[in-house]
Amino acid sequence: QGAQGLASVEADLKSATDAFALAETDLQNAATQAQAATSQLAVATAAMEQHTTEQLQLQQSLDSLAGTVKLIGSSDPLAAAQQTILVELQKRTVQAGQLQAAIVAAQQAADAAAVLATQRTQARVARQADLEGVNVRLVAAREVATAKQAEVALALEASRERWNMVREDSVQRLDVAGLQPLSPEQLCWSILRVTGQLEAHIQAELAELEKQSPLAADADDATKALRRRQAVRAAMDKLRGNADVFVTLYGSGPDKTQDDFFASADQALYTANAGNIFAWAGPGNNNVTQQALAMTDVPQIAQGIYWTLLCRQPTAEEIDLVAQQLTAGGDNRAAVIQEMVWSLLASAEFRFCR
């Protein structure tokens, strides 16, 4: 808000500056016109004064000749001079009217130029007052903008502090965590668990243990939990060879230690072509593929697959993709779902934990 107000005042300042510059130019033009009109009036007045002086001299000469005629008693010797002076006086009378008209016109032009100059001076004073007012507003707007910027900075700092507190609390509560790659063993056991392979082996080992040494009908929970742990250990021992393969592929690259993350062509070829992961993704052991086959609602199928494998809600685009794949698959619904599960198991997102 402070920045918007400052921008508005700065725009007003530009307009006021332009208006003041225009008024200054108009005033200069008006002053030039007034000076020119005054000069013209002075020239016309001087010409009129010169003309009046000469006309007066001619009239005095004519009067002197008339006195001379009386003295000599005859006008013949002076008649030509008197006639010439009379003709010149008549011309000067006409010229005097013209000069007087020029003086009136020059006076009117000078008066008009003076009025215009006064108006332009008043306009300049008004524009200068506007400019000064905008400058005052600009100072105030800058103070407001500075205060707003300080408020925003304080708000951002407070927000960052709250975010850090929330994030730290969320990390401690295990609600969020940094993106970390699964170790080779974690990746293997995650695939075996989510595809139901591990649980199937556990159930087989429980059955074998039950055959060898049946539990008493009244066995307590601790005894049952111990039997479960024995079955889990035996199942993992039998599946250990798969974990060794993952360690070889995902944890022993050139110049790499087993805790370094790296991707290689061998990993991609194993995931795509070895067939183990694709086979594990097949329906069975009540795994995600088998559960999806029992569903008919496409969004429900997508949600079941994505929640089970990636621990998140599928996006609208991903739900549409699942629908397109199922439609294109026709009667090969089981194969399509198995391929979708296998593709997510082979994805980069499954290989990382959050």
Side-chain angles (χ1 to χ4, degrees), residues 4-72 75-145:
Q4 293 178 352
L6 178 60
S8 176
V9 176
E10 287 177 342
D12 292 344
L13 175 63
K14 185 180 183 305
S15 299
T17 302
D18 293 343
F20 177 76
L22 180 61
E24 188 80 12
T25 301
D26 290 342
L27 176 58
Q28 292 176 356
N29 293 335
T32 301
Q33 293 176 9
Q35 185 177 4
T38 302
S39 298
Q40 291 177 358
L41 177 61
V43 170
T45 301
M48 185 63 182
E49 290 175 353
Q50 179 66 27
H51 184 81
T52 301
T53 299
E54 292 174 355
Q55 191 176 20
L56 179 61
Q57 290 174 350
L58 289 172
Q59 185 63 48
Q60 289 175 348
S61 297
L62 184 62
D63 292 342
S64 177
L65 287 174
T68 301
V69 168
K70 291 180 180 180
L71 290 174
I72 64 176
S75 62
D76 293 339
L78 303 176
Q82 287 179 319
Q83 185 61 36
T84 300
I85 293 174
L86 284 174
V87 172
E88 186 63 27
L89 282 174
Q90 291 174 355
K91 290 181 181 179
R92 294 304 178 95
T93 301
V94 174
Q95 291 176 353
Q98 295 174 346
L99 289 173
Q100 184 61 41
I103 289 175
V104 172
Q107 184 64 55
Q108 292 175 345
D111 293 344
V115 172
L116 180 62
T118 300
Q119 293 174 345
R120 293 294 185 263
T121 301
Q122 293 173 347
R124 179 187 179 280
V125 171
R127 298 295 78 77
Q128 184 175 10
D130 292 342
L131 182 59
E132 291 173 354
V134 174
N135 279 321
V136 172
R137 289 170 52 206
L138 181 62
V139 171
R142 284 175 176 167
E143 292 177 351
V144 172

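FYI, side chains are in, hydrogens and waters are out, and symmetry mates aren't considered; it's all heavy atoms of this structure.
- Arg127 places none of its side-chain heavy atoms less than 4.5 Å from the side chain of Leu131.
- Taking OG from Ser64 and CD from Gln60, the interatomic distance works out to 9.5 Å, rounded to the nearest 0.5 Å.
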Could you tabulate the donor-acceptor pairs under 3.5 Å formed by side-chain atoms of residues 93-113, not counting sequence neighbours?
| from | atom 1 | to | atom 2 | distance (Å) |
| --- | --- | --- | --- | --- |
| Thr93 | OG1 | Gln55 | NE2 | 3.3 |
| Thr93 | OG1 | Leu89 | O | 2.8 |
| Gln107 | NE2 | Asp111 | OD1 | 2.9 |

Might you work through the side-chain contact (heavy atoms from CB on, under 4.5 Å) test for Lys14 and Asp18, ending with a clear yes or no? CA-CA 6 Å; Lys14 185 180 183 305; Asp18 293 343; 3.2 Å; yes

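- Scanning both residues, Ala16 and Val134, for their nearest heavy atoms gives CB-CG2, 4.0 Å.
- Expressed to the nearest 0.5 Å, how far CG of Asp130 lies from CG of Asn135 amounts to 11.0 Å.
- Scanning both residues, Ile85 and Leu58, for their nearest heavy atoms gives CG2-O, 3.5 Å.
- Remark: Glu88 CD to Thr84 OG1 distance equals 9.0 Å, nearest 0.5 Å.
- Here Thr53 contributes atom OG1 and Met48 contributes atom CE; the two are 10.0 Å apart, rounded to the nearest 0.5 Å.
- Considering CG of Leu138 and OG of Ser8, their distance stands at 11.0 Å, rounded to 0.5 Å.
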What pairs of donor and acceptor atoms, side-chain ones from residues 28-37 against any protein atom, are under 3.5 angstrom apart with sequence neighbours left out?
| from | atom 1 | to | atom 2 | distance (Å) |
| --- | --- | --- | --- | --- |
| Asn29 | ND2 | Thr25 | O | 3.3 |
| Thr32 | OG1 | Gln28 | O | 2.9 |

